[in-house]
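Working notes for the structure below.
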Amino acid sequence: MSPITLKDKEVNIAIHQFVFPFSIRKSAYKEMREDLRKRGFVPFDIRNVKLENAFYGSGYQISHRELEHLFLPFTNQFLFPANSQDALSFQRFSKVIGSDYEMLTPNSILPFHIHSVDIILCPYEIGMFTIRTELTRPCTFSESLEFAKRFRALENLESKDELSYVKSSTAIYDEILSFFNEELLPDLLHWMDDEDHEDTSFERLPFFINERMFSISLYGLYADETITSADLFRAVRLHGYNAQNEAYIGSSNQEFIAEFVKRRTYERWAPNTYYVADEHVLSCITNASHGRTVTLANEMYGRYYYVFLLNLFHKIVLLKLSNHYGKLQLDRNRDRVEDLIRGITLFSSRFYYREMVSESQLQDIFQLLRRMHGNDELLKDVKQTLSALYDYQSNATGKRSDYMLRILTIFTVISGIYGMNQVIDDLKYPIKWNHALHYSVFEYLALFVTFIGIGVSLVLTITTLWGIAKTSLRKRKQ
């Protein structure tokens, strides 16, 4: 088998959208909306066509009218809500940054421009932070991949991460997370949910252990360049340079690369344009004309951005629901069992459908991303969880009703037979307490059971009213 030879191709357009999902404190939604407006963030409104070219850089724009028609009506209801404060929808806030920075790596200095950032408040205490970047000088394919790989690393987890820096006009940041929190969005971490609590330890999910962002990328090659399977493999795995500063690909097996790429690539517009995806990356690589490449960039900012967010949202919620079930103590957390049942049912009925988009190519990409994230399999597991919770709740309710019926039957029989026949006359007003001094054992038993029965009835009434009040309060908070 001949070794793989990499030709480092030139890229004339390299745009990236990095998505950082995080968990929001339940009480922070209103605070975040107000704070974002004060910081200059604009609520996204699909009816406002003035925003079509506001956040994507010079020469790029999206069509709001086309974007709305690409998704089915029930998807639009929560994806582009009419009310920006709807708790069961995506609440997007965008801000133009318009600043230049530099990525300093062991290989090169890569100047880049940040067009804008998004904060999207989603249901289920989930937030997504998006950064739109564009490399501002012609670079090689390996450089653009290396930039994406280094920029998506929130914390320095590899030795090469520690040799990469982001430089602004006033400071140098050795970690991307500190760059976000100090340069782009001060106090971002203040909104995150970091409590050590079983309902809020979202960051403990295995899916986010590697502390890396998700990437939506477009690489525009020159027209005379040929796109190979190796290029697609590198585009989805973000393989830039190795330790010897040479163009790098993480496999030496051409058959493996071809099979790997085949399962992850959408080839409708081959040989000029390919889309390749896995659970962390959606990349488009093209050697089309400049005008066509700009059109593809607009689509990456619009339609593909939202189908990626949808699938990412689905996976996070499904993992979160599974995580909550794994930590749930059924015998002690009946209220949380009901909350989890409600959460699973709401997700299945409102947010997750087999068909969510109307355009054929977008549907193909949507299904590719869904398959890469494994969302259908996760949904099956969650539905099994829902079935198990229903069975548990039904059995527990049946047992409680059976126990209560037995207790009430005992009280009814004893108090009815003895109380009504022996002590009921003494309990008429005015109560003749002195008669109790001469009661027999059975009369004392009847008196005791009567008062206990009254007490149990009062306790049951108070408990029921308290349960109704708590349920109503939880629904208002959701």
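Atom set for the values below is all heavy atoms of this structure, side chains included, hydrogens, waters and symmetry mates excluded.
Under the rule for a side chain to side chain contact (heavy atoms under 4.5 Å, CB included), the partners of S94 that lie at least two apart in sequence or sit in another chain are F55, R92, D118. Among residues two or more places apart in sequence or in another chain, the ring-ring contact (aromatic ring centres under 6.0 Å, His included) test is passed with Y219 by H16, F141. For Y124, the ring-ring contact (aromatic ring centres under 6.0 Å, His included) test picks out no residue, with sequence neighbours left out. Under the rule for a side chain to side chain contact (heavy atoms under 4.5 Å, CB included), the partners of D100 that lie at least two apart in sequence or sit in another chain are H113, T136. Every side chain to side chain contact (heavy atoms under 4.5 Å, CB included) that D45 has, sequence neighbours left out, goes to R47, N48. For E175, the side chain to side chain contact (heavy atoms under 4.5 Å, CB included) criterion is met by E155, N156, S178, not counting sequence neighbours.
Results of the side-chain contact (heavy atoms from CB on, under 4.5 Å) test with I119 over L185, D35, I24, T130 single out L185 as the only residue that passes. The ring-ring contact (aromatic ring centres under 6.0 Å, His included) with Y353 is formed by just one residue from the set F366, F74, F347; it is F74. A ring-ring contact (aromatic ring centres under 6.0 Å, His included) with F313 is found for one member of F308, F351, Y352 and no other, namely F351. Of the residues listed (R354, K315, K383), the one engaging D376 in a salt bridge (charged side-chain N to carboxylate O under 4.0 Å, His left out) is R354, and it is the only one.
You'll find the side chain of F41 reaches within 4.5 Å of the side chain of V117, heavy atoms only. Between I176 and M213, the closest side-chain pair of non-hydrogen atoms falls below 4.5 Å. For the pair P271 and I227, the minimum side-chain heavy-atom distance is 4.5 Å or more.
When the shell of 6.0 Å around NZ of K167 is examined, it contains 12 or fewer heavy atoms from other residues, nucleotides or ligands. Counted within 6.0 Å of CZ on R263, heavy atoms from surrounding residues, nucleotides or ligands total more than 12; the atom is thus considered enclosed.
Without hydrogens or angle criteria, T75 side chain to M356 main chain gives a donor-acceptor distance under 3.5 Å. Side-chain N or O atoms of K9 include none that pairs as donor or acceptor with a backbone N or O of Y222 at under 3.5 Å. Not one N or O on the side chain of R234 forms a donor-acceptor pair closer than 3.5 Å with the backbone of A247. Between the side chain of E267 and the backbone N or O of A270 there is no donor-acceptor pair closer than 3.5 Å. Of the possible polar contacts, one joining the N375 side chain to the N311 backbone as a donor-acceptor pair under 3.5 Å is found.
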**Prompt:** Would Q17 and Y56 satisfy side-chain hydrogen bond (donor to acceptor under 3.5 Å, both in side chains), going step by step from the backbone distance to the final call?
**Reply:** CA-CA 10 Å; Q17 298 177 87; Y56 315 104; over 6 Å; no

**Request:** Start with the C-alpha distance between I131 and F180, add both sets of side-chain angles, then the distance that settles side-chain contact (heavy atoms from CB on, under 4.5 Å), and finish with yes or no.
**Result:** CA-CA 9 Å; I131 310 97; F180 290 170; 3.4 Å; yes

**Request:** Check the pair L184 / Y101 against side-chain contact (heavy atoms from CB on, under 4.5 Å), numbers first and verdict last.
**Result:** CA-CA 12 Å; L184 296 182; Y101 303 91; 4.1 Å; yes

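Here CZ of R303 is found 9.0 Å from CZ of F71. Values are rounded to the nearest 0.5 Å. If you take OG1 on T273 and CG on N287, they are separated by 7.0 Å, rounding to the nearest 0.5 Å. In this structure, CD1 in I249 is found 3.5 Å from CD1 in I257, a value given to the nearest 0.5 Å. To the nearest 0.5 angstrom, K95 atom NZ is 14.5 Å from R37 atom CZ. Between M128 atom CE and L121 atom CG the span is 11.0 Å, to the nearest 0.5 Å. To the nearest 0.5 Å, atoms NE2 (H314) and CG (L319) are separated by 13.0 Å.
Under the 30°/60° scheme for interplanar angles, the aromatic rings of F151 and F112 are found to stand perpendicular. Relative ring orientation between H115 and Y301 is described as perpendicular, the plane-to-plane angle rising above 60° on a 0-90° scale split at 30° and 60°.
Aromatic ring centroids of F260 and F233 lie under 6.0 Å apart. Ring centroid separation for the pair Y173 and F179 comes in under the 6.0 Å cut-off. Taking the ring centroids of Y248 and Y241, they lie at or beyond the 6.0 Å cut-off. Aromatic pair F90/Y306: centroids not less than 6.0 angstrom apart.
Between A153 and R212, the closest heavy-atom pair is CB-NH1, 2.9 Å.
Figure legend: R132 and Y60 shown without cation-pi pairing, the cationic atom not lying both under 6.0 angstrom from the six-membered ring centre and within 45 degrees of its axis.
A salt bridge is absent between R65 and E52: the closest approach of a Lys/Arg side-chain nitrogen to an acidic carboxylate oxygen does not fall below 4.0 angstrom.
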